[in-house]
Amino acid sequence: MKNVGVIDIGSNSIRLVVIEIGKKNYFRVIDEVKETVKLGMDMTADGRLDPIRMEKAIQTLTSFKSLCEGLGECNIFPVATEAVRRASNQREFLEKVKSTLNMEIRVLTGAQEAYYDYFGVINSLDFSNGLIMDIGGASTELVWVKNKKKKEAISLPFGAINISAQFDLTEKMTSNTEKALNKYLMDQFKKVTWLEEAKNLPLIGVGGTIRNIGKISRKTNNYPIDRSHNYQMESSEILKIYDSIKYKNTEQRRKVKGLSKERCDMFVGAFSAVTALMKYCNNPRMIVSGSGIREGLIYEILRGEQVIKYVLQTSLDNVIKTLHIDKTHAHHVWKLAENLYTQLKPLHKINGNSYKILKTAAMLNDCGKTINFYNYHKHNFYMITNTPIYGLSHKELIMAAYTMMLSVKENFDIDNSPYVSLLNEEDKYIIQRLGIILRLAECFDRKRNGNITKIECKLKADRLSIHLLSKGTTEGERKEVEGCGAYFTKVFGKTLQFE
């Protein structure tokens, strides 16, 4: 085991994330801290960082370093972005940090900052084409992703802090100011010639402003999941939220549910940039990414420049390793579940592709046992809905959790459960059928020794005939399966029979 601390010295806040890295590069976040320093604020006319804010930044870095050192051996990777990048007294700040803390800060170029945004996003969201936007305190990064590759990228010289200062938005925005700001932003976007080819794509948003927009949406809609990553909003909803906030003063913004009190003074300016880009590029929706620069650096530490090809599979393997789940059993249950799912398509009649839901439920169905075997299905449900699993939408994640629950408790009442508002009747239909398929798969590997190597199914008028290929006797597995025969008949209207 080794620990790594990544520090992102931004123009608005300084953030630390600490990860524990195990064998074969599995990792888990063990700590995260944020301090709002606003290093990019109060810069002088000739571009010097404010001495008071520099001192606060050094105090914050001292605290972060002490936290990392408290873990024992911990490699620290500090990086700085736009405020330090353009500061005329950059060397003074870097040397002061070096002499005080013996810490060497790597100042990222705009291109590097955009790359790490891309690398953090592409390795934690399952998409092929999109436009990434990271609006920070003093710069905005745009990255056009095509076929999972970084096609184009740019760092633009505006962000939450300098937009607010330039257009005097700290207290309140007027209609005239809005027009001037919108013209400025549109002129900036027009200079990026490749944006013409990157229109009509999903906007993947990175950074505090984007996360706050998502949180306001979740609060407004009474969304049952408190999770930013992969939260999705239609463009019409985002524009509606913007219109409801843009003319509010600072005190009124503080009362907006979901809006961080620390961000109230700069939120409108940054939000304006988001809506202007969505209008310019005709983005149909926005996907919130909880991963950005820090995660991009982490993935580089773990994988070099290699992009994760299968985000969900890599994420599931990471969870299995960090929770010390029996990997062989998990993969074998998934193999058997997939086998059953494919052969029973004429019976379950599930439209579309539910493989990702079933795969997640099958591979993590033992996660609750890492807490306690008794009532492990309840632990399963909590853990899967709160574990960082990448590659699934929020609905797919919840459906996987319910599938796991129904594979153990056939009488579980979905209609009286906490996330039912995310599901429609077809979703419930799918969950019920995936649940019994997973239950059968678990029964077929009850001995956890891979005894059943293949299942052959034949559908007949009144029954499902099953033939097992195995390494040894199948009496134990047959008995387990027969125990859920009544439930199978209830769901599918057929009895189970072994050949």
Check whether [X] reaches the backbone of [Y] with its side chain - one donor and one acceptor, N or O, closer than 3.5 Å.
| X | Y | result |
| --- | --- | --- |
| D427 | N424 | yes |
| T100 | V97 | no |
| E92 | N89 | no |
| T385 | F381 | yes |
| E396 | S393 | yes |
| T387 | M383 | yes |
| N230 | Y390 | no |

Item checked: Side-chain ion pair, E251 and K172, N-O less than 4.0 Å -> no
Check: Of the options N12, D50, D265, which is the one that meets K38 in a side chain to side chain donor-acceptor pair (under 3.5 Å)?
Finding: D265
Evaluate the side-chain proximity of [Y] to [X]: yes if any heavy-atom separation is below 4.5 Å, no if none is.
| X | Y | answer |
| --- | --- | --- |
| L434 | L406 | no |
| L142 | L195 | yes |
| N318 | F27 | yes |
| V84 | I105 | no |
| I245 | V256 | yes |
| V143 | V121 | no |
| I30 | I19 | no |
| P224 | L422 | yes |

Next item on the list: Mind checking side-chain contact (heavy atoms from CB on, under 4.5 Å) for R86 and listing every partner two or more places apart, or none if nothing turns up?
Entry: M43, E82, A138, N162
Does the side chain of [X] pick up a donor-acceptor pair with the side chain of [Y] at under 3.5 Å?
| X | Y | answer |
| --- | --- | --- |
| N365 | N380 | yes |
| E237 | S217 | yes |
| Y223 | H394 | yes |
| T60 | S63 | no |
| Q252 | Y247 | no |
| T44 | D46 | yes |
| Q313 | D317 | yes |

Check: Does the pair K246 and E178 meet the rule for a salt bridge (charged side-chain N to carboxylate O under 4.0 Å, His left out), with working shown?
Finding: CA-CA 9 Å; K246 62 183 180 181; E178 181 186 13; 3.0 Å; yes
Note to self: On a heavy-atom basis, which atom in R85 and which in S139 lie closest, and how many Å separate them?
What the structure shows: NH2-OG, 3.7 Å
Next item on the list: Take the angle between the ring planes of Y26 and H324 and call it parallel below 30°, perpendicular above 60°, tilted in between.
Entry: perpendicular
Check: Between Y299 and F119, how do the two ring planes meet: parallel, tilted or perpendicular, split at 30° and 60°?
Finding: perpendicular
Notebook entry, point to check: Run the salt bridge (charged side-chain N to carboxylate O under 4.0 Å, His left out) check on K98 and E104 step by step: do they pass?
Noted result: CA-CA 6 Å; K98 171 68 174 175; E104 293 200 20; 3.2 Å; yes
For residues 146-161, tabulate all N or O donor-acceptor pairs below 3.5 Å that involve a side-chain atom, not counting sequence neighbours.
residue : atom : partner : partner atom : Å
K148    : NZ   : F127    : O            : 3.4
S155    : OG   : E141    : OE2          : 2.6

Margin query: Tell me which pairs pass ring-ring contact (aromatic ring centres under 6.0 Å, His included) where either residue lies in residues 55-105, with sequence neighbours left out.
Written below: none
Next item on the list: Step by step, work out the side-chain contact (heavy atoms from CB on, under 4.5 Å) result for M405 and I431.
Entry: CA-CA 10 Å; M405 183 68 81; I431 292 164; over 6 Å; no
Item checked: Any pair counted as side chain to side chain donor-acceptor pair (under 3.5 Å), so long as it reaches residues 117-130, sequence neighbours left out -> S124-S291
Note to self: For K369 and D366: C-alpha separation, side-chain torsions, deciding distance, then whether salt bridge (charged side-chain N to carboxylate O under 4.0 Å, His left out) applies.
What the structure shows: CA-CA 5 Å; K369 294 176 184 177; D366 275 356; 3.1 Å; yes
Next item on the list: Kindly state each residue pair satisfying salt bridge (charged side-chain N to carboxylate O under 4.0 Å, His left out) with at least one member in residues 6-24, sequence neighbours excluded.
Entry: D8-R294, E20-R28
Just list the side-chain donor-acceptor pairs under 3.5 Å for residues 266-281, sequence neighbours left out, or say none.
residue : atom : partner : partner atom : Å
S272    : OG   : Y242    : OH           : 2.9
S272    : OG   : V268    : O            : 2.8
T275    : OG1  : F271    : O            : 3.4
T275    : OG1  : S272    : O            : 3.0
Y280    : OH   : E196    : OE2          : 3.2

